[in-house]
Amino acid sequence: MRPPQTEPGRRFAAALAWTVAALWTGAVAAAGPKLLEPERAFAFSVQALDEKTVEARFAIANGYYLYREKLHFSVEPASLAAMPTLPSGKIKDDEFFGKVETYRGELTVALALQQAAPGSKVVVRAESQGCADAGVCYPPQVQSVTVTLPLPGMPPGAPVAATPARKSWFN
């Protein structure tokens, strides 16, 4: 877990994120490649497996990757029983961060909960950062999903997406 930020630290981080996002938006418009919105490139969902475990998932679009070291999870009002075990990623010599581990395709992480009440709702937050192979990196993203923990002996809940699928006129 990371130490809490001070209020000036939060304001600076927010200002920095807005600046990076504005620069990124301008760079994307100037560069021309059609890039996905970050919540589409790195689609986050959560499934409550039982009263003590939730499974966090990222569906990473083709041509995009997430940084392993930039991935952090938190749960409220319950807490994580332990730091989640992240699978090994693929080593990449990244132009922005040097040698790093990255994830592509699907990423699934089991989160063990403590102080979670069966049948209660929990909010799972994922902080992540990733890039497109086109050479554009996204600012850090925070995505949240609220799920209800099943009662003991009940089946897992359905996966809940942070960003629901877009509806089409033709569906």
Side-chain angles (χ1 to χ4, degrees), residues 1-6 9-10 13 16-17 20 36-133 136-165:
M1 296 211 165
R2 293 177 293 178
Q5 288 185 346
T6 62
R10 284 188 185 138
L16 181 62
V20 170
L36 294 173
E37 298 165 342
E39 60 274 1
R40 303 282 177 210
F42 313 105
F44 180 60
S45 65
V46 176
Q47 182 178 18
L49 299 181
D50 58 38
E51 68 274 14
K52 294 181 182 176
T53 312
V54 295
E55 190 172 75
R57 296 182 185 140
F58 279 96
I60 304 164
N62 287 336
Y64 295 81
Y65 56 92
L66 279 177
Y67 294 108
R68 183 179 195 263
E69 69 181 40
K70 303 286 184 178
L71 193 57
H72 306 282
F73 295 98
S74 63
V75 182
E76 293 177 359
S79 58
L80 295 173
M83 293 300 289
T85 302
L86 299 176
S88 297
K90 301 268 188 215
I91 300 295
K92 176 178 176 53
D93 193 10
D94 188 86
E95 65 182 287
F96 301 102
F97 298 111
K99 279 198 184 219
V100 293
E101 283 185 80
T102 61
Y103 298 115
R104 291 181 181 269
E106 292 284 328
L107 171 65
T108 303
V109 180
L111 304 174
L113 307 177
Q114 73 179 23
Q115 302 169 343
S120 68
K121 291 183 187 257
V122 295
V123 177
V124 180
R125 283 189 181 80
E127 182 179 332
S128 64
Q129 185 174 12
C131 297
D133 288 337
V136 176
C137 283
Y138 293 82
Q141 303 294 312
V142 176
Q143 296 173 290
S144 299
V145 173
T146 302
V147 293
T148 301
L149 300 175
L151 296 171
M154 297 300 291
V160 178
T163 305

Asn62 CG: over 12 foreign heavy atoms closer than 6.0 Å = no
task = List the steps, then state whether side chain to side chain contact (heavy atoms under 4.5 Å, CB included) holds for Val122 with Thr148.
result = CA-CA 6 Å; Val122 295; Thr148 301; over 6 Å; no
Working for side chain to side chain contact (heavy atoms under 4.5 Å, CB included), residues Val160 and Val145 = CA-CA 7 Å; Val160 178; Val145 173; 3.6 Å; yes
Pairs where residues 41-52 contributes a residue and the test side chain to side chain donor-acceptor pair (under 3.5 Å) is met, not counting sequence neighbours = Gln47-Arg57, Asp50-Thr53
message = Within the 4.5 Å heavy-atom criterion, are Val54 and Val147 side-chain neighbours or not?
response = yes
Check ion pair Lys92-Asp133 (N to O, under 4.0 angstrom) = no
request  = Mind checking ring pair (Phe, Tyr, Trp, His ring centres under 6.0 Å) for Tyr103 and listing every partner two or more places apart, or none if nothing turns up?
outcome  = none
request  = Verify side chain to side chain contact (heavy atoms under 4.5 Å, CB included) between Phe73 and Leu86, making sure each step is shown before the conclusion.
outcome  = CA-CA 11 Å; Phe73 295 98; Leu86 299 176; 4.1 Å; yes
key: Salt bridge flag under 4.0 Å for residues Arg125 and Glu76   = yes
query = Which residue pairs pass the disulfide bond (SG atoms under 2.5 Å apart) test with at least one member in residues 89-132, sequence neighbours excluded?
reply = Cys131-Cys137
query = In Å and rounded to the nearest 0.5 Å, what is the CE to CG distance from Met154 to Leu149?
reply = 13.0 Å
Spacing of His72 atom NE2 and Leu80 atom CG [to the nearest 0.5 Å] = 12.5 Å
request  = Kindly compute the distance separating CG (Leu71) from CD (Gln129), expressed to the nearest 0.5 Å.
outcome  = 11.5 Å
query = What distance separates Asp94 CG from Thr102 OG1, expressed to the nearest 0.5 Å?
reply = 8.0 Å
message = Check the orientation of Tyr138 and Phe42. Use parallel for under 30°, tilted for 30 to 60°, and perpendicular for over 60°.
response = perpendicular
